[in-house]
**Q** 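Mind having a look at this structure? Questions to follow.
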Amino acid sequence: MIEWRPYHRYTGNAARIRGICCCDAYQFLCEGGQYVILRRSSLGDLEETARGCHPRARAVWLQLLLMHAEKCQRGNPKMDIWL
């Protein structure tokens, strides 16, 4: 199970988007050497999960994309856009 918590922006360099899911529901970011996955809550607030090193965050990203592909109605649910 993926645990989501309120997003706390890194105060250093600007965040770089490294990946976006098919319908932009999730974003994979790099912030100051750490990776994090973001989504919008039902209230419109940003939430984060898997903050940390690339291998750990990437594993959660792939798991999230697989779960998302089962229910996505827009775009190509298997698409993983890397920037």
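Predicted model, so just to flag it, every value in this text is computed and none were measured.
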**Q** Should Leu64 and Tyr26 be marked as a side chain to side chain contact (heavy atoms under 4.5 Å, CB included) after you check the CA-CA gap, both sets of side-chain angles, and the distance that decides it?
**A** CA-CA 9 Å; Leu64 184 63; Tyr26 304 103; 3.4 Å; yes

**Q** Measure from the side-chain N and O atoms of Thr49 to the backbone N and O of Ile2, and report whether any donor-acceptor pair falls under 3.5 Å.
**A** no

**Q** What closest approach, in Å, do Ile37 and Trp4 show between heavy atoms, and which atom pair accounts for it?
**A**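 Of all heavy-atom pairs spanning Ile37 and Trp4, the closest is O-CZ3, 3.7 Å.
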
**Q** Which heavy atom of Ala50 sits nearest to which heavy atom of Ala57, and what is that distance?
**A**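 Closest pair (atom of Ala50, atom of Ala57, distance): O-CB, 3.4 Å.
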
**Q** Tell me, please, which residues at least two apart from Gln63 pass side chain to side chain donor-acceptor pair (under 3.5 Å).
**A**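 So Gln63 forms no side chain to side chain donor-acceptor pair (under 3.5 Å) with any residue.
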
**Q** Is there a path of hydrophobic side-chain contacts, each under 4.5 Å between heavy atoms of I/L/V/M/F/W/Y residues, joining Leu65 to Met67?
**A** yes

**Q** Scan for salt bridge (charged side-chain N to carboxylate O under 4.0 Å, His left out) pairs involving residues 34-45, sequence neighbours excluded, and state none if there are none.
**A** Arg39-Glu47

**Q** Is it true that a side-chain atom of Arg5 and a backbone atom of Glu48 form a donor plus acceptor pair closer than 3.5 Å?
**A** no

**Q** Mind checking whether Leu29 and Leu46 sit in one hydrophobic cluster, side chains of I, L, V, M, F, W, Y counted as touching below 4.5 Å?
**A** yes

**Q** For Cys21 versus His68, what's the shortest heavy-atom pair and its separation?
**A**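 Reported closest heavy-atom pair: SG-NE2, 3.9 Å.
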
**Q** Can you see which heavy atom on Trp61 is nearest to which on Gln27, and at what distance?
**A**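 Scanning both residues, the minimum pair turns out to be CZ3-C, 3.8 Å.
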
**Q** From Cys30 SG over to Arg16 CZ, what is the distance, rounded to the nearest 0.5 angstrom?
**A**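 CZ of Arg16 is found 4.0 Å from SG of Cys30.
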
**Q** Could you check Phe28 against Ile17 for side chain to side chain contact (heavy atoms under 4.5 Å, CB included), going step by step and ending with a plain yes or no?
**A** CA-CA 6 Å; Phe28 189 75; Ile17 298 174; over 6 Å; no

**Q** Can you list every pair that meets salt bridge (charged side-chain N to carboxylate O under 4.0 Å, His left out) and has a residue in residues 28-38, with sequence neighbours left out?
**A** Glu31-Arg51

